[in-house]
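Residue numbering restarts at 1 for every chain, and letters A, B, ... go by the order of the sequence lines.
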Number of protein chains: 2
Amino acid sequence: MVTLDITGLDGALGQRVYVALRNRILDMTLKPGAVLRKGALCEQLGVSRSPVSEALARLSSDGLVDIIPQSATRVSQFSMAGLREDSFLREAVEVAAVARVAEIRTAEQLKQLSRNLRLQTLLVEDEDFQGFFEADLIFHELILGFTGFPKVALAAGQMSLQLQRARMLILPEQGRPSEAVTEHMAILKAIKAQDVTAARSAMTGHLGQLISRIEPLERQHPEFFHRN
Amino acid sequence: MVTLDITGLDGALGQRVYVALRNRILDMTLKPGAVLRKGALCEQLGVSRSPVSEALARLSSDGLVDIIPQSATRVSQFSMAGLREDSFLREAVEVAAVARVAEIRTAEQLKQLSRNLRLQTLLVEDEDFQGFFEADLIFHELILGFTGFPKVALAAGQMSLQLQRARMLILPEQGRPSEAVTEHMAILKAIKAQDVTAARSAMTGHLGQLISRIEPLERQHPEFFHRN
DNA sequence: ACCTGTCAACTAACATGCCAGTTTAGAAAT
DNA sequence: ATTTCTAAACTGGCATGTTAGTTGACAGGT
């Protein structure tokens with residue numbers, strides 16, 4: 001039984017249920033194809049069906065669950081085509097963002113990115129891969145935020161939901177974190193130099209690494225993918 | 001009183017209510033700042049509060065309405081900053097899309113775009129601006145679709161919701177439709193020539209026209225904008 | 001005249017009962 | 001043993017009663 005808890009979250013009940021379920025889906029605790037029973041969720045969370053229904057509806061519009069009317073609600077499975085689409089969209093937004101940031105970045109912003117990058121280096125040296133994972137996310141969020149457009153980070157996050165979930169399946173690979181740090185350094189270098197073209201291609205190359213590592217997952221974990 | 005009707009739409013009640021309200025908001029029949037009363041909507045549509053609540057929740061996550069907890073639900077007002085963000089995001093996606101389409105387009109796809117463009121020319125000559133408006137939308141949707149990534153068109157549409165609404169306020173401008181057709185022709189020409197760089201800059205220039213025409217609206221219609 | 005505290009009337013959020021469509025297991029027929 | 005039909009037990013969608021938080025007006029004090 002998956003443990004779910006909405007204590008410690010704030011906001012309305014529906015919001016809390018949504019966040020709790022979303023986290024469990026994104027960290028792959030709730031596996032693709034798993035059936036979500038409204039009644040069971042209500043009992044487990046100690047709330048009524050209203051907030052649960054609302055949460056499931058939102059997850060459905062996020063593409064994280066599939067609601068089959070009058071039948072069942074399932075955690076959505078991956079489709080490689082869908083993941084490629086998500087990657088294309090994410091790349092479109094992050095590349096546009098890094099291009100803008102390369103033009104308008106301030107000294108203070110460069111300092112923040114440098115600081116994050118030094119942290120990444122240390123975490124990789126210490127082989128703290130969980131910590132590196134988080135620092136990696138923050139590096140990208142910093143760049144997205146430096147566009148001055150808060151919605152850009154939100155949109156990129158929204159489009160990357162399935163990618164983030166699939167990423168959980170990628171086996172830790174010898175030397176990959178260190179490569180990623182090198183790629184991040186190239187991005188920062190281009191931003192610092194205000195070289196828009198270099199920033200674009202550095203980001204394109206970096207993001208391309210993820211989808212190319214996701215591609216093999218369809219053979220490794222066919223049970224999580226749509227039969228096509 | 002705004003007329004609302006969900007007959008003629010299919011799907012679940014919540015879906016129909018959502019579409020009906022969404023259309024009224026996007027065509028500016030429901031004005032920014034207008035209060036949406038659940039009770040009134042239920043009575044008017046002849047449904048209970050459940051599907052209406054669901055619809056409002058979805059509109060809220062689309063950013064088309066603001067739900068003030070325990071208080072009221074309002075049609076969201078514009079913020080120029082938000083519109084600039086939407087424009088940035090839309091540009092990121094549509095430019096990436098046109099770049100890809102320039103590379104992979106087929107002869108049949110070129111034919112479809114040419115056909116649409118000829119239609120645009122005729123509609124402008126006939127001064128059928130409503131018809132042109134729709135053909136314009138279809139031109140962009142065709143390009144987005146030709147990426148082979150259905151989600152791209154959906155994402156672009158999602159990001160452009162506020163822009164589409166604001167566009168309704170732009171006064172018909174002498175000669176603008178004909179200019180737009182010229183810009184569309186430049187885009188098609190670059191796609192035909194498989195000139196990725198030209199396609200990107202043609203699309204960038206074209207989309208930049210819209211936001212530059214939206215900018216003056218804040219002075220012309222201050223009542224529709226957030227006080228900042 | 002103006003600030004302040006209280007209260008009534010409103011709202012969205014939540015709980016729960018009900019209904020209709022889907023699924024599935026088992027019985028019946030072949 | 002296999003297929004087909006049927007019915008019961010699920011599910012999600014809808015209606016509606018209940019709760020709790022916000023707001024705005026009004027009364028009373030300064």
Query raised in the report: So what does B:Thr73 touch, heavy atoms closer than 4.0 Å: a base, only the sugar-phosphate, or nothing?
Result: sugar-phosphate
Report task. Scan A:Leu56 against the nucleic acid and name what it touches under 4.0 Å (heavy atoms): base, sugar-phosphate only, or nothing. Result -> nothing
Among all residues two or more places apart in sequence or in another chain, which pass the salt bridge (Lys or Arg N to Asp or Glu O under 4.0 Å) test with [X]?
X        : value
B:Arg37  : none
A:Glu103 : none
A:Glu183 : A:Arg176
A:Glu141 : none

Report task. Among residues two or more places apart or on two chains, list those pairs meeting ring pair (Phe, Tyr, Trp, His ring centres under 6.0 Å) that have a residue in residues 46-100 of chain B. Result -> A:Phe149-B:Phe88, B:Phe78-B:Phe225
**Report entry** Donor on one side chain, acceptor on other, B:Arg115 and B:Gln112, under 3.5 Å
**Finding:** no
Requested in this report: Could you encode protein contacts along nucleotides 14-19 of chain D as a string, one character per nucleotide from 5' to 3', using B for base contact, S for sugar-phosphate-only contact and - for no contact, with a heavy-atom cut-off of under 4.0 Å?
Outcome: SBBBB-
Report task. Using side chain to side chain donor-acceptor pair (under 3.5 Å) as the criterion, list what pairs up with B:Glu108, not counting sequence neighbours. Result -> none
Report task. Could you pick out which residue, A:Arg74 or B:Ala72, lies toward the 5' side of DNA chain C when each is mapped onto its nearest nucleotide? Result -> B:Ala72
Atom pairs, N/O to N/O, protein against nucleotides 20-23 of chain D, distance under 3.5 Å?
unit_1, atom_1, unit_2, atom_2, d
D:dG21, N2, B:Gln70, O, 3.3

Requested in this report: Rounded off to whole Å, could you give me the CG-to-C1' distance for the A:Leu41 and D:dG12 pair?
Outcome: 13 Å
Query raised in the report: Listed by chain and number, what are the side chain to side chain contact (heavy atoms under 4.5 Å, CB included) partners of B:Glu43, not counting sequence neighbours?
Result: none
Could you pull out every donor-acceptor pair under 3.5 Å between side chains of residues 48-55 of chain B and any protein atom, sequence neighbours left out?
unit_1, atom_1, unit_2, atom_2, d
B:Ser48, OG, B:Ser50, N, 3.4
B:Ser53, OG, B:Lys38, NZ, 2.8
B:Ser53, OG, B:Arg49, O, 2.9

Report task. On DNA chain C, reading 5' to 3', which nucleotide is the first and which the last to sit with an atom under 4.0 Å from a heavy atom of chain B, could you check? Result -> C:dT11 to C:dA13
Could you list the donor-acceptor pairs under 3.5 angstrom formed by side chains in residues 59-72 of chain A, with sequence neighbours left out?
unit_1, atom_1, unit_2, atom_2, d
A:Ser61, OG, A:Arg58, O, 3.0
A:Asp62, OD1, A:Gln158, NE2, 2.9
A:Asp62, OD2, A:Tyr18, OH, 2.4

